[in-house]
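One structure is given below, encoded as structure tokens.
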Amino acid sequence: MTNDTTDGWTGWRAATEAALYGPDGFYRRPEGPAGHFRTSVHASALFAGAVARLLCRLDEALGRPARLDFVDMAAGRGELAAGVLAALPAEVSARTRAYAVEIADRPAGLDHRIEWLSEPPSRITGLLFANEWLDNVPVEIAETDSAGVPRRVLVRRDGRERLGEPVAGAEAEWLRRWWPLPAEEGLRAEIGLPRDEAWAAAVATVGRGLAVAVDYAHTAAARPPFGTLTGFREGRESAPVPDGSCDLTAHVALDACALPGGRLLAQRDALRALGLTGARPPLSLASAQPAEYLRALTRAGEAAELTAAGGLGDFGWLLQPVGLDGPLADALLVDVPDHEEQ
């Protein structure tokens with residue numbers, strides 16, 4: 001496929017790559033993602049605690065290996081990796097090798113036990129966890145023209161757009177299979193093929209264990225008719241302008257990413273299965289142990305935010321077991337409803 005760069009016009013994939021990951025890109029800025037948007041990791045330490053419990057379940061399923069790996073993909077400033085290490089029981093922590101995978105430089109003061117990498121290690125035994133990574137893997141945007149033909153959307157650095165050539169080849173095949181566009185002018189889709197490939201490559205680094213992707217997501221039954229591309233700047237949603245000043249993100253077709261044996265569920269179901277309920281503590285505790293009641297009330301509020309419908313609880317989780325038979329894989333998801341919910 002050609003890539004028209006005349007007068008600064010280019011596809012959204014190349015524009016996003018430069019804006020986010022170029023020499024002066026958004027993800028190389030010193031404040032990191034937490035300076036512009038709030039993920040589940042930033043919302044509460046309970047999230048890292050739940051991931052630590054998942055790692056412990058996986059440790060048991062793997063037979064307590066001498067070395068247990070934990071890989072934090074798109075690690076930001078290493079907040080999740082540090083939180084997971086802090087939440088692990090001492091015996092498990094002593095066997096855990098933690099890796100933070102990120103293009104930015106290692107932040108000062110990060111736990112010395114965390115190895116900082118630009119690419120995930122290979123043949124890990126343990127858990128690869130990708131929280132809000134795939135939504136930042138750049139993709140092309142397609143839009144239906146007046147003749148009903150899906151065309152690539154071209155963009156300039158200032159955010160102005162125009163239509164380019166018809167979508168063709170593997171990208172057209174992906175659209176037909178995963179996000180068919182009706183012949184109605186102006187309808188849009190994000191062509192998720194690079195995300196499928198990125199996820200498959202990440203899963204391939206797991207020798208035995210589990211890979212998990214957590215993200216804004218949708219499935220074939222409910223694709224958004226005009227796409228989801230947007231920007232975030234200083235905590236607020238903004239126009240998607242590929243000049244490096246804001247985050248650029250689009251929801252993920254997680255069903256397309258899933259490999260054989262993968263399982264989709266909502267974050268609320270995953271976290272509830274890992275012990276987060278959001279239930280308020282009994283009022284009797286307020287008079288018997290007021291300080292403990294306040295702590296429990298705070299935890300309940302944070303758990304409720306992480307599992308809330310219409311919010312973080314709607315995030316999709318894709319769980320991809322590697323080298324685990326059925327009973328072992330199922331043991332990781334005790335009490336999770338056996339259905340997909342996005």
Side-chain angles (χ1 to χ4, degrees), residues 11-13 15-17 19-21 26-27 33 37-41 47 51 71-76 80 101 120 128-142 153 170-171 173-181 187-204 210-232 237 240 242 246-271 306 310-320 340-342:
W12 266 105
R13 184 180 181 187
T16 301
E17 184 72 32
L20 295 184
Y21 307 116
F26 176 82
Y27 276 99
F37 54 88
R38 189 165 180 257
T39 72
S40 297
V41 177
F47 187 80
V51 176
V71 179
D72 180 10
M73 288 291 296
L80 179 60
V101 180
L128 181 144
F129 200 89
N131 185 61
E132 296 196 42
W133 168 49
L134 290 173
D135 68 298
N136 289 127
V137 172
V139 294
E140 298 289 4
I141 309 297
V153 177
E171 292 180 339
E173 184 60 35
W174 189 94
L175 278 182
R176 283 192 290 269
R177 179 178 181 185
W178 294 109
W179 197 333
L181 280 172
L187 296 185
R188 284 193 169 202
E190 288 112 23
I191 305 173
L193 182 60
R195 293 168 172 180
D196 298 357
E197 294 169 345
W199 180 242
V203 173
L210 180 71
V212 179
V214 180
D215 235 310
Y216 301 95
H218 47 69
T219 58
R223 301 287 191 222
F226 301 103
T228 61
L229 178 68
T230 191
F232 283 94
E237 191 168 5
C246 66
D247 184 30
L248 298 171
T249 177
H251 294 197
V252 182
L254 276 181
D255 51 344
C257 294
L259 300 169
R263 184 175 182 182
L264 294 174
L265 61 153
Q267 173 156 296
R268 72 179 64 88
D269 290 332
L271 292 184
L306 291 170
L312 295 175
D314 290 346
F315 270 51
W317 280 45
L318 169 57
L319 295 98
Q320 195 75 53
E340 296 180 7
E341 181 178 348
Q342 299 296 314

#### Entry: Any Tyr21 side-chain heavy atom under 4.5 Å of Thr16 side chain
no
### Query
So do Ile141 and Arg188 actually touch side chain to side chain, heavy atoms under 4.5 Å?
yes
#### Entry: side-chain contact (heavy atoms from CB on, under 4.5 Å) assessment of Leu193 paired with Trp178
CA-CA 10 Å; Leu193 182 60; Trp178 294 109; over 6 Å; no
### Query
Which value, rounded to the nearest 0.5 Å, describes the distance between Glu190 atom CD and Trp174 atom CH2?
8.5 Å
### Message
I need the minimum non-hydrogen distance between Asp255 and Ala220, along with the two atoms involved.
### Response
OD2-N, 2.9 Å
### Message
Rounded to the nearest 0.5 Å, what separates atom CG in Asp72 from atom CG in Asn131?
### Response
8.0 Å
### Query
Hey, are the side chains of Glu132 and Val214 touching, using non-hydrogen atoms and a 4.5 Å cut-off?
no
### Message
Could you go through Trp317 and Val212, starting from their C-alpha distance and side-chain angles, then the distance that decides it, and tell me whether this counts as side-chain contact (heavy atoms from CB on, under 4.5 Å)?
### Response
CA-CA 7 Å; Trp317 280 45; Val212 179; 3.8 Å; yes
### Query
Do the side chain of Gln320 and the main chain of Leu210 share a donor and acceptor less than 3.5 angstrom apart?
no
### Query
Do you know the tightest heavy-atom contact between Gly231 and Cys246?
CA-SG, 4.4 Å
### Query
Less than 4.5 Å apart, any side-chain heavy atom of Val252 and any of Tyr216?
no
#### Entry: Side chains of Phe129 and Val71 in contact at under 4.5 Å (non-hydrogen atoms)
no
### Task
For Trp199 and Ala213, work out which heavy atoms get closest and say how close.
CH2-N, 3.5 Å
### Task
Output the distance between atom CG (Leu128) and atom CH2 (Trp133), rounded to the nearest 0.5 Å.
7.5 Å
### Query
Out of curiosity, Asp196 CG to Leu259 CG, how far, rounded to the nearest 0.5 Å?
8.5 Å
### Query
Looking only at atom types and distance, does a side-chain atom of Arg223 sit under 3.5 Å from a main-chain N or O of Trp179, one as donor and one as acceptor?
no
### Message
Looking at Asp215 and Gly316, would you say the former's side chain and the latter's main chain have a donor-acceptor pair under 3.5 Å?
### Response
no
### Task
Taking Arg195 for its side chain and Asp135 for its backbone only, find out whether a donor-acceptor pair lies under 3.5 Å.
yes
### Task
Classify the ring geometry between His251 and His218 as parallel (under 30°), tilted (30 to 60°) or perpendicular (over 60°).
parallel
### Message
Whether the side chain of Glu237 engages the backbone of Phe232 through a donor-acceptor N/O pair (distance < 3.5 Å, no angle test) should be reported.
### Response
no
### Query
Do you know the tightest heavy-atom contact between Gly192 and Val139?
CA-CG1, 4.2 Å
#### Entry: Member of Val137, Thr249, Leu248 meeting the side-chain contact (heavy atoms from CB on, under 4.5 Å) criterion with Leu20
Leu248
### Message
Looking at every heavy atom in both Ala189 and Leu175, which two are closest together, and how far apart are they?
### Response
CB-CD2, 3.8 Å
#### Entry: Where Ile191 and Ala142 come nearest, the two heavy atoms and their spacing
CD1-CB, 4.1 Å
#### Entry: Value rounded to 0.5 Å, distance of CG in Leu80 from OG in Ser40
10.0 Å
### Task
Run the numbers on Glu17 and Trp12 for side-chain contact (heavy atoms from CB on, under 4.5 Å), then give the verdict.
CA-CA 8 Å; Glu17 184 72 32; Trp12 266 105; over 6 Å; no
